[in-house]
2 protein chains.
Amino acid sequence: MLLKNQVEWVLHCCAILAGLPENRYLSTKDLAEFHGIPKEYLSKALQSLSQASIVESTLGPSGGYRLAKDTSEITFLDIVEAVEGKRSTFICTEIRKNNPCREAEYCESKACPVARIMWEADHEWRKKLQSVHLSELVETLAKEIPADLWEKSFEWVISRT
Amino acid sequence: MLLKNQVEWVLHCCAILAGLPENRYLSTKDLAEFHGIPKEYLSKALQSLSQASIVESTLGPSGGYRLAKDTSEITFLDIVEAVEGKRSTFICTEIRKNNPCREAEYCESKACPVARIMWEADHEWRKKLQSVHLSELVETLAKEIPADLWEKSFEWVISRT
DNA sequence: GTGTTTTTACTCGGATACACAATGTCCGAGTCGGTACGG
DNA sequence: CCGTACCGACTCGGACATTGTGTATCCGAGTAAAAACAC
């Protein structure tokens, strides 16, 4: 069980888009170049974000993507679920129904105890992701990245818009 | 990102093995038949459990698997990690190093903030799984499964040992 | 110089190939239980 | 009858196909900006 690379990519992309001036867009091409990742495939990931209303896009020259909401209204969970889906990582196939001793008409009253625990764990994972907002990531980055690199990156980005 | 079916299978198998009398083994064939799952592939999953020292095996007639420890010493995490591996579900490829503004000799002092958060979420998931012991699952099952089905299943199992 | 039209280059979006891992299947090495045999 | 040696069948364990998901790529529809043009 591994998360897609797309998850890492779009998280970093959102961090970049967060620093974008008002009414500016950044293209997939530039985002891909900045991160050194395949442009075409990143496009597919950003589509998912667009469908989830996390970013919005514009066509034509100087088009691209920008955030659709404020950074304080976007959580890690929103972004991760946009590319990984909202379904639980554990799927219960109800193998308990194959028990040869079980009566055919017997109907379970509760969900499988095994599944319940796995789902709870899944929920803990999501809860943690939901507790972290994009704004916090930006703050952390601003603190940890050297000032000159931070500024140069910012200039690089706006030079492309 | 989905967990393997093997995870569901081995969790149920461990629950069955937990009810096994002392010094008895249950074969892959019987475990597979009881759960209605492919014997050959389940074998592969049980191998993983064996390598993780959660179960132990014996060859020959009336051979098979049994738990290697007490049910109170086995957690869901042990079982899940046996088949899914211990590595985090998120892998950081350090794409921040591809930043075109970054000096080549610059060396990061801390792990990537994005990765840190994803790893924390992963940790929450594992922490939850670690908090649930196999003994608790058995207790829950004993409570929720109708008494007659519980007994019939038990008899079915020991008739095969 | 200004407003309009045309062109043009650039964007996203979905449809199409490729690679790796999860799934499913097979056969061989090893061993325990039962059986035959000898005492 | 009892102990021993042998045989056989059953077990796990790892090696071999098949399927499905993730990865990577391509091309077309649409649009906003810029350029050309008429006034």
Side-chain angles (χ1 to χ4, degrees), chain A residues 1-10 13 17 20 23-33 35-66 68 80 82-85 87 89-91 93 95 160-161, chain B residues 1-10 13 17 20 23-33 35-66 68 80 82-85 87 89-91 93 95 160-161:
Chain A
M1 183 182 74
L2 247 62
L3 287 162
K4 308 184 197 181
N5 303 7
Q6 289 189 341
V7 172
E8 182 186 15
W9 298 354
V10 295
C13 285
L17 293 179
L20 220 56
N23 287 335
R24 292 290 188 82
Y25 295 84
L26 195 61
S27 71
T28 305
K29 178 171 156 291
D30 295 326
L31 282 168
E33 192 179 332
H35 292 117
I37 54 184
K39 166 175 104 68
E40 319 284 2
Y41 189 36
L42 172 63
S43 161
K44 212 161 145 36
L46 293 171
Q47 279 177 44
S48 305
L49 257 61
S50 178
Q51 288 169 1
S53 301
I54 295 168
V55 300
E56 51 195 16
S57 63
T58 305
L59 292 178
S62 78
Y65 291 96
R66 71 175 175 194
V80 171
V83 305
E84 285 289 344
R87 286 192 313 176
T89 56
F90 180 85
I91 49 173
T93 61
I95 62 176
R160 300 302 185 94
T161 58
Chain B
M1 183 181 74
L2 248 61
L3 287 162
K4 309 184 196 180
N5 305 9
Q6 288 188 341
V7 172
E8 181 185 16
W9 298 354
V10 295
C13 285
L17 292 179
L20 220 56
N23 288 335
R24 292 290 188 83
Y25 296 85
L26 195 60
S27 72
T28 306
K29 179 172 155 291
D30 294 327
L31 282 169
E33 193 180 331
H35 293 115
I37 53 185
K39 167 175 102 70
E40 319 284 2
Y41 190 36
L42 173 62
S43 162
K44 212 160 145 36
L46 292 171
Q47 278 178 43
S48 304
L49 257 61
S50 178
Q51 288 169 1
S53 302
I54 295 169
V55 301
E56 50 194 17
S57 64
T58 305
L59 294 178
S62 78
Y65 292 96
R66 72 174 176 195
V80 171
V83 306
E84 284 289 344
R87 285 190 315 174
T89 56
F90 180 85
I91 49 173
T93 62
I95 62 175
R160 300 302 185 96
T161 60

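From a predicted model like this one, the values you see are computed outputs, not experimental measurements. Both backbone and side-chain heavy atoms feed into the values below; hydrogens, waters and symmetry mates do not. Below, chains carry the letters A, B, ... as their sequence lines are ordered, and counting in each starts from 1.
Within the nucleic acid shown, B/Tyr25 has no heavy atom closer than 4.0 Å to any nucleic acid atom. Residue-level contact check: A/Glu84 touches neither bases nor backbone, having no heavy atom under 4.0 Å from any strand.
Between B/Gln47 atom CD and C/dG24 atom P the separation is 16 Å, expressed in whole Å. Following rounding to the nearest Å, B/Arg66 (CZ) and C/dC32 (P) show an atom-to-atom distance of 12 Å. Between the CD1 atom of B/Ile37 and the C1' atom of C/dT23 there is a distance of 13 Å, rounded to whole Å. Atom CG in B/Leu26 sits roughly 16 Å away from atom P in D/dC10 (whole-Å rounding). If you measure from atom CG of B/Leu2 to atom C1' of D/dT21, you get 10 Å, rounded to the nearest angstrom. Rounded to whole Å, atom C1' of D/dC12 lies 14 Å from atom CG of B/Leu49. Atom CG in A/Asn23 sits roughly 11 Å away from atom P in D/dA33 (whole-Å rounding).
Residue A/Arg24 comes nearest to A/Leu20 through the heavy atom pair O-CD2, 3.3 Å, listed as atom of the first residue, atom of the second, then distance. In plain terms, the two heavy atoms of A/Tyr65 and A/Leu17 that are nearest each other are O-CD2, 3.5 Å.
Evaluation of the side chain to side chain donor-acceptor pair (under 3.5 Å) rule for A/Asn5 yields no partner, not counting sequence neighbours. For A/Thr93, the side chain to side chain contact (heavy atoms under 4.5 Å, CB included) partners at least two apart in sequence or on another chain are A/Ile95, B/Glu8. In this structure, A/Thr28 has no side chain to side chain donor-acceptor pair (under 3.5 Å) partners at least two apart in sequence or on a different chain.
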Throw together a table of side-chain donor-acceptor distances under 3.5 angstrom for residues 39-48 of chain A, partners on residues two or more places apart or in other chains.
{"residue": "A/Tyr41", "atom": "OH", "partner": "A/Gln6", "partner atom": "NE2", "Å": "3.3"}
{"residue": "A/Ser48", "atom": "OG", "partner": "A/Lys44", "partner atom": "O", "Å": "3.4"}

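For the segment residues 53-60 of chain B, the set of residues with a heavy atom within less than 4.0 Å of an atom of DNA chain C comprises B/Thr58, B/Leu59, B/Gly60, in numerical order.
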Practice item. Evaluate the criterion side-chain contact (heavy atoms from CB on, under 4.5 Å) for residue pair B/His35 and B/Cys13; output intermediate values, then yes/no. Key: CA-CA 8 Å; B/His35 293 115; B/Cys13 285; 3.9 Å; yes

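Counting heavy atoms from C-beta outward, A/Thr58 and A/Arg66 have side chains that stay 4.5 Å or more apart. A heavy-atom distance below 4.5 Å is not found between the side chains of A/Met1 and B/Lys4.
Between A/Ser27 and C/dT11 there is a side-chain N or O to OP1 or OP2 distance below 4.0 Å.
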Revision key, fill the gap. Reading nucleotides 23-28 of chain D from 5' to 3' and marking B where a protein heavy atom lies under 4.0 Å of the base, S where only the sugar-phosphate is that close, and - otherwise, the string is BBBB--

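Residues B/Pro61 and A/Leu46 both approach DNA chain C. Their nearest nucleotides, taken by heavy-atom distance, put A/Leu46 toward the 5′ side.
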